[in-house]
Amino acid sequence: MAETKKMILDDNVAVPVHVGVIMDGNGRWAKKRGLPRKLGHREGAKNFRTITRHAKAVGVQYITFYAFSTENWKRPKDEVDAIMELFEKYLDEVRDFVEENIRIRFIGDRSALSENLQRKMASVEEDSKDFTAMTLVLAINYGGRDEICHAVKAIARKVKEGALDPEDITQDMIEANLYTEEIPPLDLVIRPSGEQRLSNFMIWQAAYAEFYYTNILWPDFKNEDFDRAVLAYSERNRRFGGV
Ligand code: IPE
Ligand code: IPE
Ligand code: MG
């Protein structure tokens, strides 16, 4: 058990099965220091590795990090290029997790990413597919609306082929066509940096998630802050529409 768990979390705490993290505030972190935004992204990328290991120690089974949204292409080209370069590095470093029994998956539309990135993603997914300690999900070129649109197209194709009656479409069927196939819904969404919105992150999967916001910028977000979020989650009363 992690040291920090002893400090903030005790054994009675209800650990969320699936935590989503919207890694926000890299740009403001850099600006505060008079540094270029890309250095904020570099710092944020380092932090994601620290928090991943800590989440595993706490007993989280799935952790999803929002790294790049389908809307982030709107940013200046040099910033987007710097982020894409970082992913290349990330993916080499993410390989370390393969030694730690962590399964790695990616969600999002890969077709817009470089072939090299796509190759690295497929290879790390393949090499970690039997690992069971925790699943690390990276959302890259991910958008919740885009994901639902993608699922609707797949289902519509079955209808067109005559293999499916529209009346037989179920929520399970929609879920099975999302990028998160076989990944449980989100229990807790953490968003640092002070913004209180989803920004198109897992809109289907977050339907009954608990939200935790903090003003801390992502590169400054520590293991202890993660524990505070888990503790807050543990004190919530989830009703799922019941009483
Ligand atoms: C999050 O940090 C990283 C990405 C969206 C890629 P931001 O770059 O959005 O940081 P702020 O919000 O400008 O501080
Ligand atoms: C959300 O952050 C996307 C990621 C963290 C990858 P943004 O910084 O893009 O979100 P908005 O624009 O503030 O809503
Ligand atoms: Mg932001």
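What you are looking at is a predicted structure, and each value in this text was computed from that prediction instead of being measured. Remember, it's 1-based here, ligands and their atoms both numbered in the order they're listed.
- Here the heavy atom of the protein found nearest to atom 13 (O) of ligand 1 is Arg37 NH2, 2.9 Å.
- For Glu195 and Arg197, the salt-bridge test passes: some basic side-chain N is under 4.0 Å from an acidic carboxylate O.
- Under 4.0 Å from ligand 2, the heavy atoms of Ala67 that appear belong solely to its backbone.
- The Arg28 neighbourhood of ligand 1 comprises atoms 11 (P), 12 (O), 14 (O), with distances under 4.0 Å to a heavy atom of that residue.
- Between Glu126 and Lys129 there is a salt bridge, since at least one side-chain N of the basic residue sits less than 4.0 Å from a carboxylate O of the acidic one.
- Heavy-atom contacts of Ile83 reach the following atoms of ligand 1: 6 (C) (cutoff under 4.0 Å).
- Here the side chains of Val19 and Asp187 are not in contact, with every heavy-atom distance at 4.5 Å or above.
- At a threshold of 4.0 Å, the pair Glu43-Lys32 does not count as salt-bridged, since none of the basic side-chain nitrogens sits closer than that to a carboxylate oxygen.
- For Arg33 (side chain) and Gly40 (main-chain N/O), no donor-acceptor pair under 3.5 Å exists by modelled atom type.
- Considering backbone and side-chain atoms together, Tyr66 places no N or O closer than 3.5 Å to any N or O of ligand 2.
- Of the charged side-chain nitrogens involved, none lies within less than 4.0 Å of a carboxylate oxygen, so that Lys38 and Glu85 do not count as a salt-bridged pair.
- Counting heavy atoms of neighbouring residues, nucleotides and ligands inside a 6.0 Å radius, atom CZ of Arg236 exceeds 12 of them.
- On a distance-only criterion, Arg75 and ligand 1 share at least one N/O pair closer than 3.5 Å.
- Ser123 and Arg95 form a side-chain donor-acceptor contact under 3.5 Å, judged by distance and modelled atom types alone.
- Geometrically, ligand 2 and Arg197 share a nitrogen or oxygen pair separated by less than 3.5 Å.
- Note: no N/O pair closer than 3.5 Å links Trp29 and ligand 1 by distance alone.
- The closest side-chain heavy-atom distance from Arg37 to Asn26 is not below 4.5 Å.
- Side-chain contact between Tyr66 and Leu198 is absent, with no heavy atoms from C-beta onward closer than 4.5 Å.
- Listed by number with element, the atoms of ligand 2 under 4.0 Å from a non-hydrogen atom of Ser199 are 1 (C), 10 (O), 11 (P), 14 (O).
- Distance alone, capped at 3.5 Å, places no donor-acceptor pair between the Asp24 side chain and the Pro192 backbone.
- In this structure, Gly25 counts as a contact residue of ligand 1, since one of its heavy atoms falls inside 4.0 Å of the ligand.
- Atoms CZ and CG, on Arg28 and Leu217 in that order, are 6.0 Å from each other to the nearest 0.5 Å.
- Distances under 2.8 Å from the Mg ion (ligand 3) pick out the protein N/O/S atoms Asp24 OD1.
- Below 30°, between 30° and 60°, or above 60°: for Tyr62 and His18 the angle between ring planes is between 30° and 60°, a tilted geometry.
- Scanning all protein heavy atoms for the shortest distance to atom 5 (C) of ligand 2 gives Met23 O, 3.5 Å.
- Those atoms of ligand 2 that come under 4.0 Å of a heavy atom in Phe68, given as number and element, are 6 (C).
- Residue Arg191 places a heavy atom under 4.0 Å from ligand 2.
- Distances from atom 9 (O) of ligand 2 to the protein include at least one heavy-atom value under 4.0 Å.
- Residue contacts with ligand 1 include His41, since one of its heavy atoms falls under 4.0 Å from the ligand.
- At a 3.5 angstrom cut-off on N or O pairs, Ser69 does not count as close to ligand 2.
- Within the 4.0 Å heavy-atom criterion, neither part of Phe201 lies near ligand 2.
- The shortest N/O to N/O separation between Gly27 and ligand 1 falls below 3.5 Å.
- Proximity of the aromatic rings of Phe97 and Phe131 is defined here by a centroid distance below 6.0 angstrom, and this criterion is not met.
- Here Asp92 does not pair with Lys89 in a salt bridge; the nearest charged N to carboxylate O distance is not below 4.0 Å.
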